[in-house]
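Computed from heavy atoms alone, side chains included, the values below leave out hydrogens, waters and symmetry copies.
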Amino acid sequence: QYQLVESGGGLVQPGGSLRLSCAGSGFTLDYYAIAWFRQAPGKEREGISCISSDGSTTNFEDSVKGRFTISRNYAKNTVDLQMNSLQSEDTSTYYCAATIRGGGSSCRLNLGDYRYWGQGTQVTVSS
């Protein structure tokens, strides 16, 4: 069945970097816009970044603009989130999600748009 699998989480010092990867299992991600969300304890799940199915459009939440980048590799059936200049406030569980909404060239960070979800990977930023 359709599954998304996140990897790359871990412990990093403030100012450091991590690269998260989202891999499709049982289906190709080519036809889907892919987004990264995060949720910290006691907080709402928030959209961080998304990339359109054709890769032409990316969007970022204001708090991560200039620090995070998103990219996709069709041959590997993956979408990566490069996170730089990490801060303690970035500590959270990170999830990837897929949607067919938006056609080929758009995406948005609305929870209700996304029908397929990964299990999450923990990112902890601490000295």
Side-chain angles (χ1 to χ4, degrees):
Q1 194 171 354
Y2 296 173
Q3 291 183 329
L4 297 171
V5 182
E6 303 98 334
S7 62
L11 175 65
V12 65
Q13 294 182 339
S17 298
L18 283 174
R19 189 175 185 91
L20 306 183
S21 183
C22 175
S25 179
F27 72 113
T28 178
L29 302 184
D30 293 12
Y31 312 122
Y32 297 85
I34 305 295
W36 287 93
F37 290 77
R38 67 185 182 187
Q39 186 169 25
K43 304 294 179 63
E44 296 182 350
R45 188 169 297 190
E46 62 175 349
I48 301 303
S49 183
C50 64
I51 185 167
S52 60
S53 61
D54 67 3
S56 66
T57 300
T58 60
N59 289 302
F60 298 91
E61 195 271 329
D62 287 344
S63 68
V64 306
K65 286 181 179 177
R67 299 191 296 122
F68 292 8
T69 58
I70 190 169
S71 61
R72 62 192 309 159
N73 187 316
Y74 296 98
K76 295 181 178 180
N77 201 31
T78 59
V79 174
D80 288 359
L81 182 71
Q82 178 66 44
M83 305 186 296
N84 299 324
S85 301
L86 285 163
Q87 306 163 15
S88 60
E89 293 79 12
D90 296 313
T91 295
S92 191
T93 302
Y94 285 71
Y95 303 87
C96 66
T99 182
I100 61 172
R101 290 187 64 91
S105 60
S106 68
C107 70
R108 61 185 189 177
L109 297 170
N110 293 359
L111 267 174
D113 286 358
Y114 294 86
R115 66 178 64 186
Y116 303 113
W117 292 83
Q119 296 299 306
T121 185
Q122 179 67 36
V123 171
T124 301
V125 185
S126 177
S127 60

Q: Any salt bridge (Lys or Arg N to Asp or Glu O under 4.0 Å) involving residues 37-48? Give me the pairs, sequence neighbours left out, ordered by first then second residue.
A: Arg38-Glu46, Arg38-Asp90
Q) Any link between Tyr95 and Val64 through a network of hydrophobic side chains (Ile, Leu, Val, Met, Phe, Trp, Tyr) touching at under 4.5 Å? A) no
Q. Taking the inter-plane angle between the rings of Trp117 and Phe37 on a 0 to 90° scale, is it parallel (under 30°), tilted (30 to 60°) or perpendicular (over 60°)?
A. tilted
Q) For the hydrophobic clusters of this structure (ILVMFWY residues joined by side-chain heavy atoms under 4.5 Å, transitively), does one cluster hold both Tyr114 and Val79? A) no
(Q) Quick check for you: to the nearest 0.5 Å, what is the distance between Leu86 atom CG and Arg67 atom CZ? (A) 6.5 Å
Q) Which atom pair, heavy atoms only, marks the closest approach of Ser106 to Ser52? A) N-CB, 3.4 Å
Q | Straight-line distance of Trp36 CH2 to Leu20 CG, nearest 0.5 Å | A | 4.5 Å
Q. Should the heavy atoms of other residues, nucleotides or ligands under 6.0 Å from OH of Tyr74 be counted, would the total exceed 12?
A. yes
**Q.** Reported CD1-to-OG1 distance for the pair Ile51 and Thr58, which is rounded to 0.5 angstrom
**A.** 6.5 Å
Q | Euclidean distance, Ile100 CD1 relative to Asp113 CG, rounded to 0.5 Å | A | 10.5 Å
Q.
Under the salt bridge (Lys or Arg N to Asp or Glu O under 4.0 Å) definition, can you give me all pairs with a residue in residues 69-88, not counting sequence neighbours?
A. Arg19-Asp80
Q) Of the non-hydrogen atoms in Val123 and Gly9, which two are nearest, and what is the gap between them? A) CG2-CA, 4.2 Å
Q. Under 3.5 Å, is there a donor-acceptor pair between the side chain of Thr99 and the main chain of Ala33?
A. no
Q. Okay, side chain of Thr78, backbone of Ala23: is any donor-acceptor separation there less than 3.5 Å?
A. no
Q: Could you check Tyr32 against Ser53 for side-chain contact (heavy atoms from CB on, under 4.5 Å), going step by step and ending with a plain yes or no?
A: CA-CA 5 Å; Tyr32 297 85; Ser53 61; 5.6 Å; no
Q | Test side-chain hydrogen bond (donor to acceptor under 3.5 Å, both in side chains) applied to Gln119 - qualifying residues, sequence neighbours left out | A | none
Q | Inter-residue atom distance Thr28.OG1 - Tyr2.OH, 0.5 Å rounding | A | 10.0 Å
**Q.** Shortest non-hydrogen separation from Asn84 to Ser17 and the atoms involved
**A.** OD1-OG, 2.9 Å
Q: May I ask you to decide if Ser63's main-chain N or O and Glu61's side chain share a donor-acceptor pair within less than 3.5 Å?
A: yes
Q: Determine the minimum heavy-atom distance between Asn73 and Ala75, stating which atoms define it.
A: OD1-N, 3.1 Å
Q) Taking only residues two or more places apart in sequence, or in another chain, which ones meet Thr93 in a side-chain hydrogen bond (donor to acceptor under 3.5 Å, both in side chains)? A) Gln122
Q: Output the distance between atom CG (Leu11) and atom OG1 (Thr91), rounded to the nearest 0.5 Å.
A: 8.5 Å
Q: Kindly write out the residues that satisfy side-chain hydrogen bond (donor to acceptor under 3.5 Å, both in side chains) with Asn110, not counting sequence neighbours, or none if the list is empty.
A: none
**Q.** Leu109 to Ala35 - nearest heavy-atom pair and separation
**A.** CD2-CB, 4.3 Å
Q | With sequence neighbours excluded, residues passing side-chain hydrogen bond (donor to acceptor under 3.5 Å, both in side chains) with Asn59 | A | none
Q) Do the rings of Tyr116 and Phe27 sit parallel, tilted or perpendicular, given the 30° and 60° boundaries? A) tilted
**Q.** Non-hydrogen atoms of Ile34 and Ile70 that approach each other most closely
**A.** O-CD1, 4.1 Å
